[in-house]
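All values below come from the heavy atoms of this structure, side chains included, with hydrogens, waters and symmetry mates left out.
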Amino acid sequence: MKISSINDTTELSNKIRMPWLGYGTYKASGKELIEGVQFALSIGYRLIDTAEMYDNEEEIGKAIKKSGIPRNEIFITSKVWNTNQGYENTLKSFNNSLKRLNIDYLDLYLIHWPVSGKYIETWKALEKLYRDGKVRAIGVSNFLIHHLQNIMDKCEIVPMVNQIEFHPHLVQKDLLNFCKINKIQVEAWSPLMRGRINDIPEIVNIAKKYNKTPAQIVLRWDLQHEVVTIPKSVHKERIKENANIFDFELSEIDMKIIDGLDQNKRYGADPDDF
Ligand SMILES: NC(=O)C1=CN([C@@H]2O[C@H](COP(=O)(O)OP(=O)(O)OC[C@H]3O[C@@H](n4cnc5c(N)ncnc54)[C@H](OP(=O)(O)O)[C@@H]3O)[C@@H](O)[C@H]2O)C=CC1
Ligand SMILES: O=C1CO[C@H](CO)[C@@H](O)[C@@H]1O
């Protein structure tokens with residue numbers, strides 16, 4: 001698939017379209033977040049990723065309103081936090097996120113982590129929200145194959161998205177294949193390894209060859225794997241840099257070199273610990 005514009009989107013299993021590039025917001029707040037979101041929207045980002053746990057939904061809602069961009073042109077994701085899982089609590093959390101964001105529907109609602117003994121009931125609440133038309137797509141985050149399989153065995157709707165830790169040190173090829181076969185769109189969190197990509201010599205070398213930065217190389221690698229990517233930055237230059245990934249293509253050899261950096265190494269938590 002050729003991805004050559006910031007306006008390009010992927011079609012989810014329910015036909016809803018999701019941008020390939022999004023704006024991550026973890027640890028961002030206040031003025032720098034409001035300005036970051038507005039700037040990102042002004043240069044063409046159309047996906048904003050948040051979560052009730054990030055404690056920044058109000059600011060994001062304000063920034064979106066201030067941008068003047070019609071609501072239906074922006075794809076907004078939020079997530080139910082672990083301590084609020086369970087059927088009734090999830091319905092409440094969802095409504096609270098809508099209120100804080102000051103919007104009347106979400107584009108994508110995710111279960112943040114697979115809390116054992118809770119996520120099946122939580123998923124049933126997401127199915128209800130989806131059937132009631134309050135959210136355009138539903139999905140999960142940090143789900144491994146066995147969690148996904150469990151939902152598919154016990155529930156009716158297959159998750160449309162799985163947002164996972166994904167970067168050159170954590171490729172999770174089997175999970176990627178499982179998602180592909182089951183039409184679950186993979187979305188990468190910490191795609192820049194929280195800034196560590198600048199320290200990987202192989203990526204620095206590839207970056208020089210394409211006259212791009214290490215961040216741009218890794219984000220392009222995501223797209224060529226057909227993985228949606230949501231880098232976070234509160235600096236204009238980097239927000240711009242991270243979006244400047246649609247005018248070049250990595251060769252198959254360079255894709256393989258980056259794939260080969262996999263160490264199955266997580267910088268975030270292990271989904272089996274919840
Ligand atoms: N579902 C889940 O469990 C999780 C979801 N997420 C989501 O994914 C998003 C992205 O992941 P995140 O963990 O934030 O990490 P990222 O991999 O996006 O890295 C963000 C860090 O890298 C820096 N940075 C940004 N752009 C560049 C660049 N071009 N060159 C060098 N450094 C750069 C940022 O600094 P600065 O801002 O100062 O520019 C920040 O410190 C989150 O913000 C959140 O929305 C994240 C973690 C878990
Ligand atoms: O979304 C998130 C942001 O980062 C946190 C710390 O790594 C994660 O726990 C959380 O899932």
Side-chain angles (χ1 to χ4, degrees), residues 1-12 17-26 36 39-49 75 77 141 161-173 175-177 179-180 184-268:
M1 183 186 302
K2 195 138 175 88
I3 301 173
S4 53
S5 155
I6 196 167
N7 302 318
D8 285 348
T9 51
T10 174
E11 187 176 271
L12 303 183
R17 303 211 67 104
M18 176 177 192
W20 287 106
L21 175 71
Y23 183 72
T25 68
Y26 178 55
F39 182 71
L41 289 171
S42 77
I43 62 165
Y45 284 73
R46 285 295 178 270
L47 186 177
I48 312 290
D49 183 81
F75 189 103
T77 304
S141 176
V161 172
N162 188 14
Q163 184 183 110
I164 56 171
E165 182 176 350
F166 179 81
H167 46 64
H169 283 172
L170 185 70
V171 180
Q172 309 193 71
K173 209 169 164 220
L175 179 55
L176 239 56
N177 284 338
C179 289
K180 193 162 224 166
I184 301 169
Q185 175 63 53
V186 174
E187 182 178 18
W189 66 253
S190 286
L192 305 176
M193 296 154 74
R194 297 206 164 135
R196 292 178 185 89
I197 23 89
N198 283 329
D199 307 330
I200 304 177
E202 291 86 345
I203 295 183
V204 172
N205 277 339
I206 294 176
K208 280 186 195 142
K209 198 164 82 181
Y210 289 86
N211 204 15
K212 289 282 176 182
T213 65
Q216 290 167 332
I217 296 297
V218 171
L219 297 172
R220 182 71 211 180
W221 173 77
D222 292 342
L223 301 185
Q224 289 182 220
H225 271 303
E226 298 186 6
V227 167
V228 169
T229 191
I230 49 170
K232 174 259 172 188
S233 177
V234 289
H235 295 102
K236 286 186 180 169
E237 277 319 306
R238 283 175 169 174
I239 298 172
K240 222 196 276 178
E241 174 187 332
N242 296 342
N244 191 1
I245 55 173
F246 296 97
D247 60 350
F248 74 110
E249 205 159 326
L250 293 169
S251 70
E252 260 179 56
I253 293 173
D254 290 327
M255 286 294 289
K256 290 258 155 30
I257 291 174
I258 303 172
D259 292 347
L261 300 172
D262 188 18
Q263 301 175 7
N264 200 25
K265 183 177 167 72
R266 290 181 188 282
Y267 294 100

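Looking only at atom types and distance, the side chain of Tyr267 has no donor-acceptor partner in the side chain of His167 under 3.5 Å away.
Two residues are said to be in side-chain contact when any heavy atoms from C-beta on lie closer than 4.5 Å; Pro19 and Thr10 fail this criterion. Residues Ile206 and Leu250 are in side-chain contact: their nearest non-hydrogen atoms beyond the backbone lie under 4.5 Å apart. Side-chain contact between Leu41 and Arg46 is present, with at least one heavy-atom pair separated by less than 4.5 Å. For the pair Thr9 and Met18, the minimum side-chain heavy-atom distance is 4.5 Å or more. Residues Pro214 and Ile200 fail the side-chain proximity criterion, which asks for heavy atoms closer than 4.5 Å. Under the 4.5 Å side-chain criterion, counting only non-hydrogen atoms from C-beta, Ile230 is not in contact with Ile48. Here the side chains of Thr25 and Lys232 are not in contact, with every heavy-atom distance at 4.5 Å or above. In this structure, Thr229 and Trp189 have side chains that are not in contact, with every pair of non-hydrogen atoms separated by 4.5 Å or more.
Remark: the backbone N or O of Glu165 is not paired with any side-chain donor or acceptor of Arg266 at under 3.5 angstrom. Listed for the Asn242 side chain is a donor-acceptor partner under 3.5 Å among the backbone atoms of Arg238. Arg220 places a side-chain N or O within donor-acceptor distance of the main-chain N or O of Ile245, the cut-off being under 3.5 Å. Judged by distance alone, with hydrogens and angles left aside, the side-chain atoms of Asp262 form no donor-acceptor pair with the main-chain N or O of Asp259 at under 3.5 Å.
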Go through Val186 and Val228 one step at a time and tell me if the side chain to side chain contact (heavy atoms under 4.5 Å, CB included) criterion holds. CA-CA 6 Å; Val186 174; Val228 169; over 6 Å; no
Evaluate the ring-ring contact (aromatic ring centres under 6.0 Å, His included) criterion for residues Phe166 and Trp221: first the C-alpha distance (whole Å), next the side-chain angles of each, then the deciding distance (0.1 Å), finally the verdict. CA-CA 11 Å; Phe166 179 81; Trp221 173 77; 4.9 Å; yes
From CA spacing to verdict: side chain to side chain contact (heavy atoms under 4.5 Å, CB included), Leu170, Met193: CA-CA 10 Å; Leu170 185 70; Met193 296 154 74; over 6 Å; no
Quick one: do Lys2 and Glu249 satisfy salt bridge (charged side-chain N to carboxylate O under 4.0 Å, His left out)? Show the steps, please. CA-CA 9 Å; Lys2 195 138 175 88; Glu249 205 159 326; 2.7 Å; yes
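For the residue pair Ala188 and Asp222, the shortest heavy atom distance occurs at CB-OD2, 4.2 Å.
Interatomic distance, Ile164 CD1 to Cys179 SG, rounded to the nearest 0.5 Å: 6.5 Å. Note that the NE2 atom of His169 and the CD1 atom of Ile197 stand 11.0 Å from one another [nearest 0.5 Å]. Interatomic distance, OG of Ser251 versus NZ of Lys256, reported as 10.0 Å (0.5 Å rounding). Atom-to-atom distance recorded for Ile203:CD1 and Thr213:OG1 is 11.0 Å, nearest 0.5 angstrom.
Residue Asn211 qualifies as open at atom CG: its count of foreign heavy atoms under 6.0 Å is 12 or below.
Take Lys173 and apply the salt bridge (charged side-chain N to carboxylate O under 4.0 Å, His left out) test, not counting sequence neighbours, and it matches no residue. Applying the salt bridge (charged side-chain N to carboxylate O under 4.0 Å, His left out) test to Lys209 and every residue at least two apart in sequence or in another chain returns Asp254. Remark: Thr77 engages no residue in a side-chain hydrogen bond (donor to acceptor under 3.5 Å, both in side chains) (not counting sequence neighbours). Applying the salt bridge (charged side-chain N to carboxylate O under 4.0 Å, His left out) criterion to Arg194, with sequence neighbours excluded, gives no partner residue. Checked against salt bridge (charged side-chain N to carboxylate O under 4.0 Å, His left out), Glu252 has no partners two or more places apart in sequence or in another chain.
Residue pairs meeting the ring pair (Phe, Tyr, Trp, His ring centres under 6.0 Å) criterion with at least one partner in residues 226-260, sequence neighbours excluded, are Tyr210-Phe248.
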